[in-house]
Structures are given as structure tokens and as C-alpha cells.
Engineer: 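Please find one structure pasted underneath; my questions will follow.
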Amino acid sequence: MVHNQYEPIIGLEIHIELKTETGMFCRCKVNQFGAPPNTHVCPVCLGLPGALPVPNKKAIEWTVMIGLALNCTINRHTKFDRKHYTYPDLPKGYQISQYDEPIAVNGHLNIKATKTSIEKLVRIHRVHLEEDTGKLIHEGKDTLVDFNRSGTPLVEIVTEPDFNSSEDVKVFLEELHTLIKYLDVSDADLEKGSMRMEPNISVRVIGQKELPNYKVEVKNINSFNFVKKAIDYEVARHIDFLSQGQTPPQETRGWDSQKNCTYSQRTKEEAHDYRYFPEPDIPPILLEQSYIDSIVVPTLPQQKVETYMKKYGLKYADAFILTRNKASSDAFDLMIKQVEKDDNVTGVDIANAIINKKITSYEEVKRMKAPKVTDSGILLTSIEKILSANEKVVADYKSGKQNAVMFLVGQVMREMKGQADANTVREELIKKLT
Ligand code: ZN
Ligand code: MN
């Protein structure tokens with residue numbers, strides 16, 4: 001709950017592992033989640049002296065595609081830089097990342113704001129490409145390192161601090177997750193850590209124009225719900241400080257999903273000087289305009305929502321649900337192509353069948369919508385058959401048990417494999433019985 005007087009200011013950093021075959025700068029097989037530790041490594045991703053990195057073309061192409069899908073400007077001049085810091089999961093002592101010439105800048109992604117249902121534009125500050133680090137595994141007193149993950153192409157997406165609520169953050173992350181799935185460039189599996197999120201949070205008094213003079217980053221969260229909880233926890237914590245006339249300390253925190261709280265990791269007094277400089281082993285990259293133009297962005301979920309509404313008359317809620325999952329929107333697209341004029345099936349029927357009945361084949365929808373048997377001869381034959389097979393129920397009805405007729409309706413419907421109108425069956429039955 002946010003105190004009336006204050007409003008949160010939230011920005012996001014999102015890391016997404018690309019599902020390329022090989023590493024960002026080496027030929028190791030990547031995305032080997034669950035493989036025995038340190039079995040997919042080489043001198044390049046282990047950072048051994050003298051090893052030379054060679055950028056992965058596919059990773060660059062997919063990062064451009066993400067940039068385009070997020071309405072960014074693609075920097076035709078782009079380069080890699082070394083970002084220095086010391087940590088056991090980073091054997092080189094620096095990460096190859098991008099500093100002042102990222103692949104994509106200045107984009108946006110629209111979401112439907114939770115409180116107002118109005119389109120809200122979230123600005124994308126930048127999209128850059130880097131390499132993932134190894135993974136630390138804590139076993140009792142020991143910390144082990146698995147370098148299989150190191151060198152996996154990693155895209156970092158940075159938003160502007162455009163959020164004022166944790167609900168909107170969650171909506172944005174879900175939208176982004178769906179978009180990435182449509183682009184088919186990452187498995188974006190949160191549980192495996194292929195999509196990791198870092199909200200940065202501060203709070204200001206409502207009406208204040210300038211951004212707060214501090215911010216708190218919560219590192220490496222891998223669930224949308226945890227991101228929301230971490231933000232809510234931080235906002236309340238900051239309001240405590242502010243309402244006592246204090247500024248919350250600028251720091252980096254972690255999320256404890258057991259205790260449902262954040263905890264301090266490091267304060268920004270030891271703020272990192274990453275000493276960025278251009279990666280000397282990789283020449284700057286010039287992306288030709290013709291190359292950028294050749295990268296095709298597939299139809300995105302938001303465009304599909306619009307088409308489904310305008311062209312096929314779906315309600316927003318249904319169009320939204322259908323497009324959340326690429327498999328169901330693919331099913332819809334396929335089935336809508338199979339519609340023939342005389343089938344009596346509409347886009348709305350198909351949407352209902354997929355959403356409510358989990359039907360995924362056009363044949364089934366067609367059967368569902370098949371015209372009911374109106375031939376009264378067939379209906380009456382079925383009724384006769386059921387009546388003579390259920391003498392006791394008939395007697396019950398005649399002695400005043402009105403409900404007995406419903407049993408008979410059910411039996412007739414079953415006899416006719418559902419291809420009859422239940423009301424007509426009931427009327428005809430009552431006629432016969434009286
Ligand atoms: Zn390698
Ligand atoms: Mn990063």
C-alpha cells in the first residue's frame with residue numbers, strides 16, 4: 001500500500017539469455033542447463049590468456065530484432081567494451097559488454113495500465129548485448145563455480161524510470177516476456193534463469209518534479225511476482241525513511257524469497273568504477289542499413305490483438321488471452337484460415353473454442369457448430385426408443401415426478417450424440433408423455 005503523499009519511481013533492467021547454438025564469443029554449446037558442471041567450456045569463455053573472442057552473428061541479429069520490436073533506433077556504429085569487476089563467476093576479471101554504443105536505443109513498449117486501463121508508454125532506454133557469467137553454487141560452507149553458462153549471449157534491456165506502480169511493472173514484464181517468446185530468440189524460462197530482472201526503486205513526494213536523489217537496485221529476481229513483492233517491500237521501506245525526514249541509503253539489495261523481504265548487499269559508497277574501455281580484440285561493428293532492413297520482426301502479440309478485434313470481432317479480453325500464448329494464437333491463425341463460407345463458423349466461435357473448451361482443431365469447432373438435427377423423424381425415432389427402454393422412469397413421470405423428464409432428455413441427447421436441440425427434445429418428450 002502506498003501512502004497517499006508519496007509515489008514510487010521505478011525503472012527496470014532485464015537480462016535475457018539468447019537461445020543460440022553457440023557462445024557469444026566462442027564455439028562452445030550454450031544453453032546446456034542441467035549439464036554436468038564445466039563440461040561446455042573453452043579457453044575463450046574461461047578467459048585464459050591469449051584467447052580471442054569472435055562475436056556471434058546470430059546473437060547480433062537477434063538483438064537488432066529485439067531492438068526493432070521495441071521500437072528502438074538501431075545504432076549503425078556499435079562496439080563492444082570491457083566492463084571490469086572482480087567476482088568469482090567472471091574468470092577474465094571483466095565482462096565483454098557494450099557501453100556507449102549499444103546496438104539499440106530510445107524505444108518504447110506500450111502496456112495497458114492496471115489502474116486506468118489506458119495505454120501507457122514505457123520508454124526503453126537501451127538494448128545491448130553482452131556475455132553471461134558463470135554460476136555460483138553454494139554448498140554448505142563451499143561455493144562452487146560452474147562456467148557452462150559463461151559466454152552465453154545475454155541481452156540487457158534497460159527502461160526509463162517510467163513506472164509508478166508495481167502492478168504496471170508486472171504487466172510490462174509479462175508483455176515483454178510474451179514478445180520475446182513471439183520473436184523466438186530465447187526460451188525466456190524464468191525458472192532456469194534465462195530471464196532475470198532488476199528493478200531500481202525510489203520514492204518521492206507527489207508533485208515533486210525532479211527524480212529522487214537516490215535509488216535502490218534489487219538484483220537478479222527471476223519471478224514476476226517476486227519483482228512485484230520486492231518493489232512493494234522497498235516502497236514501504238523508503239516511505240518509512242522519508243516520513244522521518246531521512247533519505248533512504250543508495251544501495252544494492254537482494255530478494256529473499258523465503259522471508260519475503262529484501263536485504264542489503266552493498267552500498268553505493270563502494271560504487272563500482274567499471275573502467276569501461278573498448279574491447280581491443282573486437283573491431284567496432286558497422287551495421288549496414290540494408291542488413292538492418294533485412295531483419296524481419298514477426299507479427300507481435302499487440303498487433304495480433306488489434307487484428308483479432310478489428311478483423312474477426314473478438315472482444316479485447318479474448319483477443320488478449322489468445323495472444324498471451326503463442327501456441328494458442330498460432331492455433332487461431334491456422335483455424336481461421338480453414339474457415340469455409342458455408343461452415344457457419346466465425347472467429348468468435350474459434351476463439352471461444354480455444355479459450356473455453358481447449359479445442360485446437362478446426363474439425364472439432366465445426367462439429368461443435370454443426371447444424372442440429374431438425375429432421376423430426378429421426379428425433380421421434382430416438383424418443384420412442386428411449387421411452388420403451390425406460391418404462392420405470394416414464395411411470396415415475398406419469399405419477400407426478402416432473403424431474404424424471406430431464407433424465408429422458410439426457411438419454412435422447414446421448415442417443416443423438418448431441419446433434420439435437422435439448423429444448424425441442426424436452427417439448428417432444430412432454431408431448432409424448434401426456
Ligand atoms: Zn567457450
Ligand atoms: Mn548486464
Side-chain angles (χ1 to χ4, degrees), residues 13-49 51 53 82-97 130-156 173 177 186-200 216-231 233-234 251-272 274:
E13 270 179 32
I14 302 118
H15 283 99
I16 295 168
E17 281 179 341
L18 296 179
K19 60 173 194 185
T20 50
E21 289 276 316
T22 56
M24 185 59 235
F25 300 111
C26 69
R27 305 287 296 165
C28 284
K29 271 208 176 318
V30 289
N31 294 304
Q32 297 294 314
F33 188 85
N38 300 309
T39 51
H40 294 278
V41 292
C42 74
V44 174
C45 53
L46 285 177
L48 301 186
R82 291 186 178 181
K83 176 184 180 179
H84 298 81
Y85 64 97
T86 309
Y87 206 64
D89 64 5
L90 188 70
K92 296 199 287 287
Y94 61 85
Q95 178 190 32
I96 306 179
S97 180
E130 57 191 33
E131 55 180 340
D132 208 348
T133 60
K135 203 155 74 182
L136 298 182
I137 300 150
H138 304 280
E139 271 184 16
K141 273 190 230 155
D142 297 321
T143 296
L144 309 170
V145 199
D146 176 7
F147 286 114
N148 282 350
R149 195 181 73 180
S150 78
T152 305
L154 192 66
V155 167
E156 180 175 327
L173 288 171
H177 184 250
S186 168
D187 67 5
D189 188 327
L190 292 145
E191 280 180 10
K192 290 185 191 162
S194 349
M195 179 169 174
R196 313 193 290 269
M197 295 137 313
E198 298 171 358
N200 54 73
V216 170
E217 259 179 66
V218 188
K219 286 301 215 187
N220 267 329
I221 310 180
N222 70 344
S223 127
F224 302 147
N225 272 329
F226 290 164
V227 171
K228 183 180 177 306
K229 285 183 182 175
I231 292 171
Y233 182 87
E234 278 303 301
E251 62 185 334
T252 300
R253 297 176 74 89
W255 169 249
D256 185 329
S257 58
Q258 305 288 310
K259 295 185 192 147
N260 269 318
C261 67
T262 65
Y263 59 92
S264 182
Q265 283 181 327
R266 52 189 154 85
T267 52
K268 283 279 171 166
E269 270 75 60
E270 330 147 21
H272 281 113
Y274 291 120

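All residue numbers in this chain count up from 1 along the given sequence.
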Engineer: Taking all non-hydrogen atoms of both residues, which atom of Ala230 and which atom of Ile221 are closest, and how far apart?
Structural biologist: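 Shortest heavy-atom separation between Ala230 and Ile221 comes out as CB-CD1, 3.8 Å.
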Engineer: Find the distance between CD (Glu198) and OG1 (Thr252) and round it off to the nearest 0.5 Å.
Structural biologist: 9.0 Å
Engineer: Over all heavy atoms of both residues, which pair between Gly134 and Ser150 is shortest? Give the atoms and the distance, please.
Structural biologist: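 Heavy atoms of Gly134 and Ser150 come nearest at N-CB, 3.5 Å.
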Engineer: What distance separates Lys83 NZ from Ser97 OG, expressed to the nearest 0.5 Å?
Structural biologist: 5.5 Å
Engineer: Drop me the distance from Ser257's OG to Asn222's CG, to the nearest 0.5 angstrom.
Structural biologist: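 Spacing of OG (Ser257) from CG (Asn222) equals 8.0 Å.
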Engineer: If you compare all heavy atoms of Pro88 against all heavy atoms of Phe147, which two are closest, and at what distance to 0.1 Å?
Structural biologist: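 Looks like O-CZ, 3.8 Å.
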Engineer: Flag the pair Lys219 / Arg266 as yes when at least one side-chain heavy-atom distance between them is below 4.5 Å, and no otherwise.
Structural biologist: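 The answer is yes, as the side chains (C-beta and beyond) meet within the 4.5 Å cut-off.
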Engineer: Quick one: does Met24's side chain get under 4.5 Å of Ile96's, heavy atoms only?
Structural biologist: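 Counting from C-beta outward, Met24 and Ile96 never come under 4.5 Å.
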Engineer: How about Gln95 and Thr133: does a side-chain donor come under 3.5 Å of a side-chain acceptor?
Structural biologist: no
Engineer: Give the minimum heavy-atom separation between Thr20 and Pro153, together with the two atoms involved.
Structural biologist: OG1-CG, 3.2 Å
Engineer: Once rounded to the nearest 0.5 Å, what's the spacing between atom CZ of Arg149 and atom CG of Asn38?
Structural biologist: 12.5 Å
Engineer: Give the minimum heavy-atom separation between Cys26 and Cys42, together with the two atoms involved.
Structural biologist: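 That closest heavy-atom pairing would be CB-SG, 3.6 Å.
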Engineer: How far apart are the closest heavy atoms of Cys28 and Val41, and which atoms are they?
Structural biologist: SG-C, 3.4 Å
Engineer: Please answer whether the main-chain N or O of Val145 pairs with a side-chain N or O of Asp89 as donor and acceptor at a distance below 3.5 Å.
Structural biologist: no
Engineer: For His40, does its backbone N or O pair with a side-chain atom of Asn148 as donor and acceptor, under 3.5 Å?
Structural biologist: yes
Engineer: To the nearest 0.5 Å, what is the distance between CD on Glu130 and OG1 on Thr152?
Structural biologist: 11.5 Å
Engineer: When rounded to the nearest 0.5 angstrom, what is the spacing between CG in Asn260 and CD in Gln258?
Structural biologist: 9.0 Å
Engineer: Report the C-alpha separation of Met195 and Ile14 in whole Å, then their side-chain angles, then the decisive distance to 0.1 Å, and conclude whether the side chain to side chain contact (heavy atoms under 4.5 Å, CB included) test is met.
Structural biologist: CA-CA 7 Å; Met195 179 169 174; Ile14 302 118; 4.0 Å; yes
Engineer: Is a side-chain donor or acceptor of His177 paired with a backbone partner of Ala188 at a separation under 3.5 angstrom?
Structural biologist: yes
Engineer: Pair Glu17, Lys192 - check salt bridge (Lys or Arg N to Asp or Glu O under 4.0 Å), show working.
Structural biologist: CA-CA 10 Å; Glu17 281 179 341; Lys192 290 185 191 162; over 6 Å; no
Engineer: Would you indicate whether the side-chain heavy atoms of Glu131 and Val44 approach each other to under 4.5 Å?
Structural biologist: no
Engineer: Go through Lys19 and Asp187 one step at a time and tell me if the salt bridge (Lys or Arg N to Asp or Glu O under 4.0 Å) criterion holds.
Structural biologist: CA-CA 6 Å; Lys19 60 173 194 185; Asp187 67 5; over 6 Å; no
Engineer: Quick one: is the NZ or CZ of Lys229 closer than 6.0 Å to the six-membered ring centre of Phe226, and within 45° of its axis?
Structural biologist: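 No cation-pi geometry.
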Engineer: Begin with the C-alpha distance, continue with both residues' side-chain angles, and end with the deciding distance and a verdict on side chain to side chain contact (heavy atoms under 4.5 Å, CB included) for Glu191 and Phe33.
Structural biologist: CA-CA 11 Å; Glu191 280 180 10; Phe33 188 85; over 6 Å; no
Engineer: Verify, without hydrogens or angle tests, whether Thr22 (side chain) and Arg27 (backbone) share a donor-acceptor contact under 3.5 angstrom.
Structural biologist: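 A pair under 3.5 Å: no.
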Engineer: What do you reckon, is CD of Glu21 surrounded by more than 12 foreign heavy atoms closer than 6.0 Å?
Structural biologist: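 For Glu21, atom CD is not crowded (no more than 12 foreign heavy atoms under 6.0 Å).
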Engineer: Kindly determine whether Arg82 and Lys92 satisfy side chain to side chain contact (heavy atoms under 4.5 Å, CB included), including the steps that lead there.
Structural biologist: CA-CA 10 Å; Arg82 291 186 178 181; Lys92 296 199 287 287; over 6 Å; no
Engineer: For the residue pair Tyr274 and Tyr85, does the interplanar ring angle fall in the parallel (under 30°), tilted (30 to 60°) or perpendicular (over 60°) class?
Structural biologist: perpendicular
Engineer: Test side chain to side chain contact (heavy atoms under 4.5 Å, CB included) on Ser223 and Leu190; report intermediate values, then the result.
Structural biologist: CA-CA 6 Å; Ser223 127; Leu190 292 145; 5.8 Å; no
